[in-house]
Participant: 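Here you go, one structure.
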There are 2 protein chains.
Amino acid sequence: MTSRAAPSRRHRVREHALDEIQRTARRLLVEQGPAAVTLRAIAREMGMTAPGLYRYHSSHQDLIQALASHLYDELATALAAARDEHPASEPGQRMRAVCRQLRRWALAHPREFGLLFAKPLTDTDTAPGNAAHDPGWRFGGVILELMVQLWHRGGIHPPADLDTAWITQLEEVREHLAGEDVPLNVIYVFVASWARLFGAVAVEAFGHLDFALTNPEPLFEHTLQDILTALGDPTG
Amino acid sequence: MTSRAAPSRRHRVREHALDEIQRTARRLLVEQGPAAVTLRAIAREMGMTAPGLYRYHSSHQDLIQALASHLYDELATALAAARDEHPASEPGQRMRAVCRQLRRWALAHPREFGLLFAKPLTDTDTAPGNAAHDPGWRFGGVILELMVQLWHRGGIHPPADLDTAWITQLEEVREHLAGEDVPLNVIYVFVASWARLFGAVAVEAFGHLDFALTNPEPLFEHTLQDILTALGDPTG
DNA sequence: CTTCGAAAGTGAACAGTGTTAGCAATTGCT
DNA sequence: AGCAATTGCTAACACTGTTCACTTTCGAAG
């Protein structure tokens with residue numbers, strides 16, 4: 001029963017195999033699209049056969065979800081790294097860097113972005129979901145945390161009147177902000193900003209601006225400025 | 001050679017068969033998701049076999065694209081109907097109705113919306129595309145037309161300075177606005193508004209607000225108000 | 001009215017998919 | 001050394017898109 005504490009060589013090679021599966025699956029996704037990420041193709045690339053993969057994932061969907069979870073982590077790490085490029089005393093600059101990094105990651109990895117965020121309506125559901133410990137919160141938390149810090153700085157002018165129907169909903173969101181006693185109408189601003197940021201990135205990453213613009217970056221910068229103004233940090 | 005002008009019974013039954021394929025494919029999409037829209041399933045539902053469908057569509061992808069094209073038409077018709085609920089003398093009210101209808105359609109038909117707009121990153125590409133006569137322009141044109149009419153009303157305050165890199169891009173967009181000599185910086189406002197509208201609808205339709213809100217309608221109304229303000233019609 | 005040809009649909013077949021069952025071999029722990 | 005878990009394989013089943021050869025149907029021209 002030493003296997004629990006000690007890495008136990010077997011665990012190591014298993015971890016290595018799991019990692020190779022992830023890397024192979026992702027490579028197929030990037031190079032040939034989602035339809036190419038098939039059990040047999042992954043196995044072929046790894047020099048083994050498809051049923052062997054069932055020793056590592058209980059199904060094709062399980063493998064895809066593991067890949068999605070891994071990508072959520074990568075995105076969260078990238079956002080945190082961008083955040084740490086600026087001092088904690090400047091939450092506005094941090095937020096700017098994080099939002100730009102979110103866009104950059106989405107544009108640099110469109111297939112991965114699609115797997116994470118264009119999937120609730122597709123076959124295999126890899127969406128963030130609702131549970132507290134969901135992989136989606138790992139990267140969402142980075143942004144929400146910065147929003148809370150921006151709120152502490154003051155400058156947010158939340159709407160005075162709030163539809164009563166929102167109260168219950170926003171209270172649930174507040175649960176995720178451990179300990180922070182953020183007013184509900186401020187959380188409303190958070191959600192609105194989140195939606196706008198995500199909408200801007202998604203529309204661009206999904207290519208729905210290609211018909212008009214080959215370089216939508218200035219448009220995104222304008223949107224980003226709006227978002228930060230709403231969050232009380234108009235310094236550009 | 002009378003078959004060109006006259007409907008010629010054969011054409012009629014063929015049209016009927018094509019229509020039944022569309023309806024069956026859509027029903028499968030709605031009831032069981034995109035993965036269920038398979039040639040054999042469609043044929044089974046219609047009481048025939050899969051190869052028979054090749055008399056109507058050259059491939060599975062071709063059938064899906066035909067379905068997408070049909071859905072673009074339906075959406076365009078729905079938007080036009082919402083537009084016509086208000087007099088042409090009130091382009092602001094018309095725009096409001098069209099935007100609300102776009103959101104309503106997306107929420108009422110999430111699977112269809114996903115087929116149309118979440119697909120560039122998926123297997124079968126059913127995105128609008130760039131060509132002038134693309135099905136995507138059928139519904140996009142409804143919105144752009146209203147934007148032009150709002151511009152004629154005045155009230156748009158476009159940015160004075162415009163990045164030179166945008167000029168070429170926006171000139172291409174202007175080509176689609178037959179005859180209208182819209183200034184480029186006004187077209188910039190069009191594109192920005194389009195992106196914001198689409199981002200708001202897409203984020204909500206893809207379920208990325210479910211974690212926070214069970215009823216994001218007030219948030220959309222707020223966004224819509226912002227959009228119309230940018231387009232020079234702040235009357236709510 | 002007969003004949004002819006295009007159109008529509010079928011069944012068989014091929015390569016590919018996810019998945020399961022059963023078997024062989026390697027590996028690590030006692 | 002021997003036991004048992006782990007790992008991977010082959011074979012097989014049901015499904016997918018697609019092609020081919022064949023039959024049937026049906027509209028139109030002689």
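In what follows, chains carry the letters A, B, and so on, assigned in the order in which the sequence lines appear, proteins first and then strands, with residues in each chain numbered from 1.
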Participant: Report the nucleotide, chosen from D:dT10, D:dT16, C:dA8, that has the shortest atom-to-atom distance to any side-chain atom of B:R14.
Facilitator: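 Shortest atom-to-atom distance from the side chain points to C:dA8.
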Participant: Is there a donor on the side chain of A:R40 or the base of C:dG16 sitting less than 3.5 Å from an acceptor on the other?
Facilitator: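 When only heavy-atom distances are counted, A:R40 does not reach the base of C:dG16 through any donor-acceptor pair under 3.5 Å.
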Participant: In dot-bracket form, how is DNA chain C paired, counting a Watson-Crick or G-U wobble pair only if both its distances are under 3.5 Å and using | for bases paired to another strand?
Facilitator: ||||||||||||||||||||||||||||||
Participant: What is the separation between atom CD on B:E20 and atom C1' on C:dA8, rounded to the nearest whole Å?
Facilitator: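 Distance check: B:E20 CD to C:dA8 C1' gives 14 Å.
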Participant: Is the B:F139 ring parallel, tilted or perpendicular to the B:Y72 ring (thresholds 30°, 60°)?
Facilitator: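 Rings of B:F139 and B:Y72: parallel, as their planes differ by under 30°.
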Participant: Please determine, for the side chain of A:Y54, which listed nucleotide (C:dT20, C:dT17, C:dA8) has the closest atom?
Facilitator: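 Shortest atom-to-atom distance from the side chain points to C:dT20.
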Participant: Just by modelled atom types, is the B:A202 backbone N or O under 3.5 Å from a matching donor or acceptor in the B:H208 side chain?
Facilitator: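 No: the side chain of B:H208 does not pair with the backbone of B:A202.
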Participant: Separation of B:L63 atom CG from D:dT18 atom P, in whole Å?
Facilitator: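 Those two atoms, CG and P, are 10 Å apart.
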Participant: For a quick check of understanding: with a heavy-atom distance under 4.0 Å over all strands, which category does B:T38 fall into, base, sugar-phosphate or nothing?
Facilitator: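 Sugar-phosphate, no base atom in range.
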Participant: From C-beta outward on A:S59, which listed nucleotide comes closest to its side chain: D:dT18, C:dG9, C:dT19?
Facilitator: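 Out of D:dT18, C:dG9, C:dT19, the nucleotide with an atom closest to A:S59's side chain is C:dT19.
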Participant: Where the side chain of B:R55 is concerned, which of D:dC9, C:dT20, C:dA8 is the nearest nucleotide?
Facilitator: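 Looking only at side-chain atoms, B:R55 lies closest to C:dA8.
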Participant: Could you state the atom-to-atom distance from CZ of A:R44 to C1' of D:dG8 in whole Å?
Facilitator: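 Checked: the CZ to C1' distance equals 17 Å.
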Participant: For the side chain of A:Y56, starting at C-beta, report the closest nucleotide among D:dA11, C:dT10, D:dG8.
Facilitator: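 Of D:dA11, C:dT10, D:dG8, D:dG8 is nearest to the side chain of A:Y56.
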Participant: Taking only the side-chain heavy atoms of A:L39 (C-beta and beyond), determine which of D:dG17, C:dT19, C:dT17 contains the nearest atom.
Facilitator: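 Of the candidates, C:dT19 comes closest.
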Participant: So which nucleotide from C:dG9, D:dT6, C:dT20 ends up closest to the side chain of A:R10?
Facilitator: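 Selected nucleotide: D:dT6.
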